[in-house]
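Just below is one structure, and these are the notes that go with it.
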Amino acid sequence: MTTIGELELIDMLQDPKAVVVDSRTRDWFEGGTIPGAINIPYTYVVDELGQLGCEPDFDGWDCTEAKPVALFCNGVWCGQSPTAIRNMVNAGYPADRISYYRGGMQVWRLLGLTVIGGE
């Protein structure tokens with residue numbers, strides 16, 4: 001797992017092979033998110049690994065074709081993305097394909113970057 005900043009996250013948003021995941025609960029997501037991010041709440045991330053390139057198998061998930069992903073939540077104080085990342089790795093998602101935008105929505109908004117939804 002790699003921690004990334006805004007520039008790397010913007011690069012991932014422009015990469016058609018990558019997925020940027022807002023791991024916050026639906027109510028937070030609906031209050032505003034980063035354009036291009038999909039919402040997979042941290043409480044359901046293991047159930048939704050199919051959206052990230054994994055295939056169900058007898059032992060849970062086969063993630064050999066897993067997509068590069070970046071997860072974010074509310075900011076450095078928020079534990080939703082770290083929880084999601086731990087659960088993904090425990091389910092077999094390759095840690096080297098996971099990025100963590102630690103600044104989350106708090107830093108994104110502070111920098112004046114575009115937010116969709118909410119208001």
*I38 and Q51: which non-hydrogen atoms are nearest, and at how many Å?*
CD1-OE1, 3.7 Å
*asked:* Quick one, V19 and I40 - any side-chain contact, counting heavy atoms below 4.5 Å?
replied: no
*asked:* Just so I know, are the side chains of V115 and M105 near enough to count as touching, which here means a heavy-atom distance under 4.5 Å?
replied: yes
_Any side-chain heavy-atom pair of M12 and I4 under 4.5 Å_ = yes
*Would you say the side chain of R102 lies within less than 4.5 Å of the side chain of V76, judging by non-hydrogen atoms?*
yes
*CH2/W108: more than 12 non-hydrogen atoms of other groups inside 6.0 Å*: yes
*Residue pairs passing the side-chain hydrogen bond (donor to acceptor under 3.5 Å, both in side chains) test where at least one lies in residues 58-71, sequence neighbours excluded*: D62-T64
*asked:* Within the structure provided, determine whether Y101 and I34 are in side-chain contact (heavy-atom separation under 4.5 Å).
replied: yes
_Atom of A91, atom of L49 and distance for their closest heavy-atom approach_ = CB-CD1, 3.9 Å
*Cluster question for you: counting only ILVMFWY and a side-chain heavy-atom cut-off of under 4.5 Å, with indirect links fine, are Y100 and I10 together?*
no
*asked:* Within this structure, what is the OG1-CG distance for the pair T25 and N39, rounded to the nearest 0.5 Å?
replied: 8.0 Å
*Any side-chain heavy atom of E8 within less than 4.5 Å of one from S99?*
no
_Looking at every heavy atom in both A37 and F72, which two are closest together, and how far apart are they?_
CB-CE2, 3.7 Å
*asked:* Could you go through C78 and C73, starting from their C-alpha distance and side-chain angles, then the distance that decides it, and tell me whether this counts as disulfide (SG to SG under 2.5 Å)?
replied: CA-CA 6 Å; C78 181; C73 50; 3.0 Å; no
*If Ile, Leu, Val, Met, Phe, Trp and Tyr residues are connected whenever their side-chain heavy atoms lie under 4.5 Å apart, and connections chain through other members, are I85 and Y44 in the same group?*
no
_L13-V21 co-clustered via ILVMFWY side chain contacts under 4.5 Å_ = no
*Can you tell if the side chain of V89 reaches within under 4.5 Å of the side chain of R86, non-hydrogen atoms only?*
no
*Should Y42 and V46 be regarded as members of a common hydrophobic cluster, given that ILVMFWY residues are connected when their side-chain heavy atoms come within less than 4.5 Å of each other, either directly or indirectly?*
no
*Could you give all pairs that pass the side-chain hydrogen bond (donor to acceptor under 3.5 Å, both in side chains) test and reach residues 13-23, with sequence neighbours left out?*
D22-R24, D22-T33, S23-S81
*Output the distance between atom CG (L52) and atom OH (Y93), rounded to the nearest 0.5 Å.*
4.5 Å
*Where do M88 and I98 land on the side-chain contact (heavy atoms from CB on, under 4.5 Å) test, with the steps shown first?*
CA-CA 9 Å; M88 289 170 68; I98 300 173; 4.1 Å; yes
*Looking at CH2 of W28 and CD of Q80, how far apart are the two atoms once the value is rounded to the nearest 0.5 Å?*
8.0 Å
*For the residue pair R97 and V69, establish whether any side-chain heavy-atom pair is separated by less than 4.5 Å.*
no
_For D11, give me all partners under side-chain hydrogen bond (donor to acceptor under 3.5 Å, both in side chains), at least two apart in sequence or on another chain._
none
_Taking every non-hydrogen atom, the tightest pair across R26 and P41_ = N-CG, 4.3 Å
